[in-house]
Amino acid sequence: MATLFFSRAPAGSVSSIHFQLRRGLSGREIARDLQQHGLIRHPASFLIWVKFFGANRLRPGIYDLPTSSSGLEIYRRFEKGPPLVRVTFPEGWMARQMAALLESKGIVNATEFMKVVQQGQAEGYLFPDTYFFEQDTPAEKVVTRMRTRFSEVLPKDFELQAKQRKLTTKELVTLASMVEKEARAPAERPIIAGVFYNRLKKKMLLESCATVEYALGKWKPRLLYKDLEVKSPYNTYKHAGLPPGPICNPGAASLEAAAHPAVTDMLYFVADGQGTHRFSRYYKDHLNAKKKR
């Protein structure tokens with residue numbers, strides 16, 4: 001007759017132990033790790049439940065396991081899965097910033113995340129929001145979740161607005177990403193979008209500092225003239241039209257501003273040093289505004 005083990009871990013001063021259930025381990029390997037961490041006395045106290053219910057029901061992740069847990073209680077926790085991890089992405093973050101945060105939270109490997117992003121050309125479509133993910137979630141699942149959220153918040157007439165302006169949807173997302181990085185105050189977003197549209201209509205260079213910073217690979221408090229010479233298709237001081245793709249992942253307000261820009265005759269804007277911008281219709285006024293910074 002089989003013997004059932006209900007033994008608990010030895011009593012001690014530590015009430016719980018941080019334990020990582022790694023993907024791909026056999027039931028025997030998990031039991032060995034549990035024993036080495038002092039969570040069970042005998043491997044059989046956990047293995048018996050693996051044999052009854054199966055190892056394929058156990059979900060990898062990081063757990064805080066009470067030292068008083070029985071083998072069955074530990075199995076049930078592994079079956080339920082690790083606690084969800086909350087992660088918040090600020091508006092305007094790039095995919096590589098998101099990747100680093102996701103990895104630091106134990107959700108997904110940064111390299112794997114970026115590989116999926118690049119393969120699916122997902123930069124710009126990873127909606128910045130608060131999410132709850134399981135630890136050790138496949139990169140494809142994380143990216144799909146964020147892209148789905150993007151589709152949910154996208155203005156209903158976004159594609160129509162792009163078509164009316166003779167832009168592709170990607171180009172309109174790209175413009176929204178530029179608005180996101182340029183805007184200092186919420187009320188400025190539609191005006192900045194309007195300025196970009198005006199410059200596009202007049203075949204003017206967009207001259208967006210944010211695209212130069214993207215080309216440089218870093219954000220700077222103030223660009224130098226030599227920075228504007230960076231060789232990159234994203235340098236809108238050198239290349240006409242919109243850059244090849246989004247330079248960040250825009251939030252809902254910037255997507256809305258790109259789809260519904262302000263009606264304005266402004267063609268220039270410059271940061272005023274107070275957290276907002278000065279807008280100008282004429283170049284001479286723009287030069288004066290730059291001197292007042």
Side-chain angles (χ1 to χ4, degrees), residues 88-102 110 113-114 117-118 121-128 146 150 167 170-200 204-255 257-258 261 266-280 283 286-287 289-293:
T88 299
F89 301 110
E91 296 172 342
W93 267 26
M94 293 180 291
R96 59 182 176 85
Q97 292 173 291
M98 294 174 165
L101 181 58
L102 285 165
F113 179 80
M114 287 305 301
V117 168
Q118 290 162 0
Q121 297 182 347
E123 184 80 89
Y125 300 87
L126 305 171
F127 188 71
M146 298 177 73
F150 175 89
L167 298 175
K170 180 181 179 181
E171 287 173 331
L172 196 52
V173 173
T174 299
L175 192 145
S177 74
M178 293 169 61
V179 171
E180 187 67 68
K181 297 304 291 186
E182 293 283 4
R184 303 294 180 90
E188 292 184 338
R189 289 189 176 98
I191 305 173
I192 289 175
V195 170
F196 284 142
Y197 279 123
N198 289 344
R199 296 181 73 89
L200 285 172
M204 298 171 65
L205 292 172
L206 293 179
E207 296 185 346
S208 166
C209 292
T211 64
V212 173
E213 290 172 321
Y214 183 84
L216 292 171
K218 57 185 176 181
W219 308 107
K220 304 179 68 174
R222 179 170 292 189
L223 291 175
L224 303 175
Y225 283 111
K226 67 177 182 179
D227 295 327
L228 305 182
E229 300 297 323
V230 62
K231 294 181 179 180
S232 168
Y234 284 87
N235 183 353
T236 56
Y237 277 81
K238 296 293 184 182
H239 297 274
L242 291 161
I247 61 173
C248 72
N249 294 279
S254 292
L255 290 167
M266 300 298 172
L267 288 170
Y268 307 91
F269 61 88
V270 62
D272 61 5
Q274 304 297 318
T276 54
H277 287 92
R278 291 192 181 95
F279 295 88
S280 305
Y283 186 62
H286 176 59
L287 292 178
K290 290 177 72 174
K291 292 176 182 178
K292 295 178 181 178
R293 287 190 297 177

Subject >> Residue pair Arg189 / Pro261, side-chain heavy-atom distance below 4.5 Å >> reply: no

**OP:** Indicate yes or no: at least one non-hydrogen side-chain atom of Leu223 is less than 4.5 angstrom from one of Leu216.
**Re:** yes

Original post:
Taking all non-hydrogen atoms of both residues, which atom of Val270 and which atom of His286 are closest, and how far apart?
Top reply: CB-CE1, 3.9 Å

**OP:** Give a yes or no answer on whether the side chain of Asn235 reaches the backbone of Leu228 with a donor-acceptor pair at less than 3.5 Å.
**Re:** yes

**OP:** Tell me, please, which residues at least two apart from Tyr214 pass ring pair (Phe, Tyr, Trp, His ring centres under 6.0 Å).
**Re:** Tyr234

Original post:
Any idea how His277 and Phe269 line up, ring-wise: parallel (<30°), tilted (30 to 60°), or perpendicular (>60°)?
Top reply: perpendicular

Subject >> Ser177 side chain near Cys248 side chain, heavy-atom distance below 4.5 Å >> reply: yes

**OP:** Taking all non-hydrogen atoms of both residues into account, name the closest pair between Phe113 and Ala99 and its distance.
**Re:** CD2-CB, 3.5 Å

**OP:** Answer yes or no: is there a donor N or O on one side and an acceptor on the other, between the side chain of His239 and the main chain of Ser232, under 3.5 Å?
**Re:** yes

Original post:
Atom CD in Glu91, atom CD in Glu180: separation rounded to 0.5 Å?
Top reply: 5.0 Å

Subject >> Full working for side-chain contact (heavy atoms from CB on, under 4.5 Å) between Leu167 and Thr174 >> reply: CA-CA 10 Å; Leu167 298 175; Thr174 299; over 6 Å; no

Subject >> Those residues that, when tested against Leu267, pass side-chain contact (heavy atoms from CB on, under 4.5 Å) (two or more places apart) >> reply: Asn198, Arg199, Lys202, Met204

Original post:
Listed by chain and number, what are the ring pair (Phe, Tyr, Trp, His ring centres under 6.0 Å) partners of Tyr197, not counting sequence neighbours?
Top reply: none

Original post:
Out of curiosity, Thr88 OG1 to Trp93 CH2, how far, rounded to the nearest 0.5 Å?
Top reply: 9.5 Å

**OP:** Output yes when a side-chain donor or acceptor of Thr236 lies under 3.5 Å from a complementary backbone atom of Leu206, and no otherwise.
**Re:** no

Subject >> Distance, nearest 0.5 Å, that separates CE of Met266 from OG of Ser280 >> reply: 7.0 Å

**OP:** Please name the pair of heavy atoms, one in Arg184 and one in Ala271, separated by the smallest distance, quoted to 0.1 Å.
**Re:** NH2-CB, 3.7 Å

**OP:** Sequence neighbours left out, what passes salt bridge (Lys or Arg N to Asp or Glu O under 4.0 Å) with Glu123? Give chain and number order.
**Re:** none

Subject >> Reported CZ-to-CG distance for the pair Phe127 and Asn249, which is rounded to 0.5 angstrom >> reply: 10.0 Å

Original post:
CG of Leu200 to CG of Leu242: how many Å apart, nearest 0.5 Å?
Top reply: 5.0 Å

Original post:
Which heavy atom in Glu182 sits nearest to a heavy atom in Cys209, and how many Å separate them?
Top reply: OE2-N, 3.1 Å

Original post:
Which residues satisfy the salt bridge (Lys or Arg N to Asp or Glu O under 4.0 Å) test with Lys181, sequence neighbours excluded?
Top reply: none

Subject >> Derivation of the ring pair (Phe, Tyr, Trp, His ring centres under 6.0 Å) call for Tyr225 and Tyr237 >> reply: CA-CA 11 Å; Tyr225 283 111; Tyr237 277 81; 9.4 Å; no

Original post:
What are the two closest non-hydrogen atoms of Thr211 and Pro243, and how far apart are they?
Top reply: CG2-CG, 4.1 Å

Subject >> Value rounded to 0.5 Å, distance of OG1 in Thr276 from CD in Glu188 >> reply: 5.5 Å

Original post:
What closest approach, in Å, do Phe150 and Gly124 show between heavy atoms, and which atom pair accounts for it?
Top reply: CE1-O, 3.4 Å

Original post:
Would you say the side-chain atoms of Gln97 pair up with the backbone N or O of Met94, donor to acceptor, closer than 3.5 Å?
Top reply: yes

**OP:** Keeping the roles fixed (side chain from Asp272, backbone from Arg278), state whether a donor-acceptor pair exists under 3.5 Å.
**Re:** no

**OP:** Would you indicate whether the side-chain heavy atoms of Lys238 and Lys231 approach each other to under 4.5 Å?
**Re:** no

Original post:
Run the side-chain contact (heavy atoms from CB on, under 4.5 Å) check on Ile191 and Phe196 step by step: do they pass?
Top reply: CA-CA 9 Å; Ile191 305 173; Phe196 284 142; over 6 Å; no

**OP:** Quick one: list whatever passes ring pair (Phe, Tyr, Trp, His ring centres under 6.0 Å) with Tyr283, sequence neighbours left out.
**Re:** Tyr268

